[in-house]
Amino acid sequence: MVIKVEVQESILENTYFYIDEKSHHGFLIDPGAEANKILSLIQENGWVIESILLTHGHFDHIGAVEDIRKVLSCEVLGYEGGDLYLLNPYYNLSSFFGEPIILEGVKKINEKNEICLKSSRSFSLKVLHTPGHTKDSCVFYNDKVAFVGDTLFKDGVGNTSFPLGDEAELWNSIKNKIFCLPESIVVYPGHGEDTLISIEKKRYQ
Ligand SMILES: [Zn+2]
């Protein structure tokens with residue numbers, strides 16, 4: 001099951017839990033702010049978070065990682081090359097919005113990886129590299145869900161006006177990667193409402 005939690009430091013952001021209903025183990029995606037709110041939910045529901053997954057290294061998607069990792073002591077996974085953002089408050093934009101964030105110790109993944117629950121290996125997410133909004137943007141997906149970060153939204157696409165953004169790359173990622181996924185997949189973006197591949201694909205054809 002997917003549980004969306006809206007969190008906010010300076011920008012409202014979607015943090016997602018992707019939880020296996022049988023084992024109550026799962027993944028936490030983009031904990032961007034409000035670590036205590038996220039930790040309370042985990043405790044109240046008795047969930048075991050095996051990994052924290054990052055769709056990209058912008059401050060509003062990584063802001064609560066350090067505080068949560070301290071408590072849960074779980075691994076944090078992000079796409080290859082992400083240290084450019086994770087270790088740099090200019091590129092992760094935290095220097096423009098408040099306290100500078102430097103996030104070390106993120107384990108790097110690429111499209112060859114499939115992220116499986118240790119407790120239930122069939123509960124898993126594959127990885128698509130979708131650069132454009134950032135160089136390290138990626139999508140975590142399976143045949144039902146896709147967590148797309150800031151690459152695609154309901155009614156819109158990712159912003160490429162930040163440092164290292166690339167509009168041509170973004171469209172390539174959307175059209176040649178995300179839109180090649182099965183149309184029935186539910187798309188969970190980093191901000192705003194969820195949508196379907198089929199709906200967004202129609203908008204740009
Ligand atoms: Zn972003």
Side-chain angles (χ1 to χ4, degrees), residues 1-79 82 86 98-99 101 103-107 109 113-128 137-154 181-182 184-197:
M1 61 180 164
V2 176
I3 298 99
K4 171 174 136 178
V5 185
E6 287 187 310
V7 297
Q8 184 160 25
E9 183 81 38
S10 48
I11 292 173
L12 197 62
E13 186 259 354
N14 295 335
T15 291
Y16 293 102
F17 292 97
Y18 187 43
I19 305 289
D20 173 25
E21 284 170 62
K22 284 182 214 138
S23 66
H24 293 226
H25 284 228
F27 305 117
L28 170 61
I29 297 145
D30 287 355
E34 300 191 72
N36 288 338
K37 178 168 156 183
I38 294 168
L39 286 165
S40 303
L41 260 171
I42 294 170
Q43 205 173 22
E44 282 162 23
N45 288 285
W47 293 328
V48 176
I49 301 303
E50 294 197 4
S51 311
I52 296 172
L53 313 181
L54 305 178
T55 61
H56 64 296
H58 275 159
F59 78 104
D60 53 328
H61 294 251
I62 65 173
V65 170
E66 200 65 80
D67 287 343
I68 292 172
R69 177 166 62 180
K70 262 185 230 153
V71 177
L72 301 182
S73 54
C74 61
E75 63 178 6
V76 184
L77 308 178
Y79 206 81
L86 300 169
E99 284 295 299
I101 297 172
L103 182 62
E104 292 176 334
V106 172
K107 194 175 151 195
I109 50 167
N113 293 104
E114 182 161 358
I115 302 151
C116 306
L117 279 185
K118 292 171 194 87
S119 53
S120 165
R121 297 200 63 84
S122 60
F123 191 89
S124 64
L125 291 165
K126 291 178 184 158
V127 185
L128 266 189
S137 285
C138 68
V139 169
F140 299 102
Y141 75 100
N142 58 28
D143 57 358
K144 295 189 185 73
V145 300
F147 300 95
V148 299
D150 290 355
T151 299
L152 179 68
F153 299 104
K154 180 177 175 146
L181 298 174
S184 60
I185 285 180
V186 185
V187 174
Y188 295 97
H191 305 272
E193 299 296 311
D194 51 58
T195 182
L196 293 173
I197 298 277

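Since the structure is predicted, the reported quantities are computational estimates derived from the model, not experimental observations.
At least one side-chain heavy atom of D150 sits under 4.5 Å from a side-chain heavy atom of H61. Residues Y18 and N142 meet the side-chain proximity criterion, which asks for heavy atoms closer than 4.5 Å. Put simply, the side chain of L72 does not reach to within 4.5 Å of the side chain of V48, judged on heavy atoms. Here the side chains of F123 and S23 are not in contact, with every heavy-atom distance at 4.5 Å or above. Put simply, the side chain of L128 reaches to within 4.5 Å of the side chain of L181, judged on heavy atoms. Between V127 and L77 the shortest side-chain heavy-atom distance does not fall below 4.5 Å. Side-chain contact between I101 and V65 is absent, with no heavy atoms from C-beta onward closer than 4.5 Å. For the pair L54 and P31, the minimum side-chain heavy-atom distance is below 4.5 Å.
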Practice task
Check the pair I49 / I68 against side-chain contact (heavy atoms from CB on, under 4.5 Å), numbers first and verdict last.
Solution key: CA-CA 10 Å; I49 301 303; I68 292 172; over 6 Å; no
Handout entry: Derivation of the side-chain contact (heavy atoms from CB on, under 4.5 Å) call for V5 and E34
Key = CA-CA 10 Å; V5 185; E34 300 191 72; over 6 Å; no
Practice task
Give the C-alpha distance, both sets of side-chain angles, the deciding distance and a yes or no for side-chain contact (heavy atoms from CB on, under 4.5 Å) between V187 and L196.
Solution key: CA-CA 5 Å; V187 174; L196 293 173; 5.8 Å; no
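Under a cut-off of 6.0 angstrom, the local environment of CD in Q8 is crowded, with over 12 non-hydrogen atoms contributed by other residues, nucleotides or ligands.
A side-chain donor-acceptor contact under 3.5 Å links D30 to the backbone of T55. Within the 3.5 Å criterion, the main-chain N or O of P189 finds a donor-acceptor partner in the side chain of N14. Side-chain N or O atoms of E13 include none that pairs as donor or acceptor with a backbone N or O of V7 at under 3.5 Å. Checked by atom type and distance alone, the side chain of K126 never pairs as donor or acceptor with a backbone atom of D143 at under 3.5 Å. When atom types are taken as modelled, the side chain of H25 and the backbone of D20 share no donor-acceptor pair closer than 3.5 angstrom. Between the E50 side chain and the K118 main chain, a donor and an acceptor come within less than 3.5 Å of each other.
Between K107 and E75 there is a salt bridge, since a side-chain N of the basic residue sits under 4.0 Å from a carboxylate O of the acidic one.
Looking at residues two or more places apart in sequence or on another chain, you find no ring pair (Phe, Tyr, Trp, His ring centres under 6.0 Å) involving F27. K70 pairs by the salt bridge (charged side-chain N to carboxylate O under 4.0 Å, His left out) definition with D67, not counting sequence neighbours.
Note that the CG atom of N113 and the SG atom of C138 stand 10.0 Å from one another [nearest 0.5 Å]. Between atom CD of residue E6 and atom NE2 of residue H191 there is a gap of 10.5 Å, rounded to the nearest 0.5 Å. The distance from atom CD of E66 to atom CD1 of I52, rounded to the nearest 0.5 Å, is 9.5 Å. Taking CD1 from I42 and NZ from K37, the interatomic distance works out to 13.0 Å, rounded to the nearest 0.5 Å. The distance from the NZ atom of K4 to the CZ atom of F147 is 12.0 Å, given to the nearest 0.5 Å. Atom CD1 of residue I29 and atom CG of residue L125 lie 6.0 Å apart, to the nearest 0.5 angstrom.
Relative orientation of the F17 and W47 rings is tilted, given thresholds of 30° and 60° on the angle between their planes.
Nearest heavy atoms, G190 versus F153: N-CE2, 4.2 Å.
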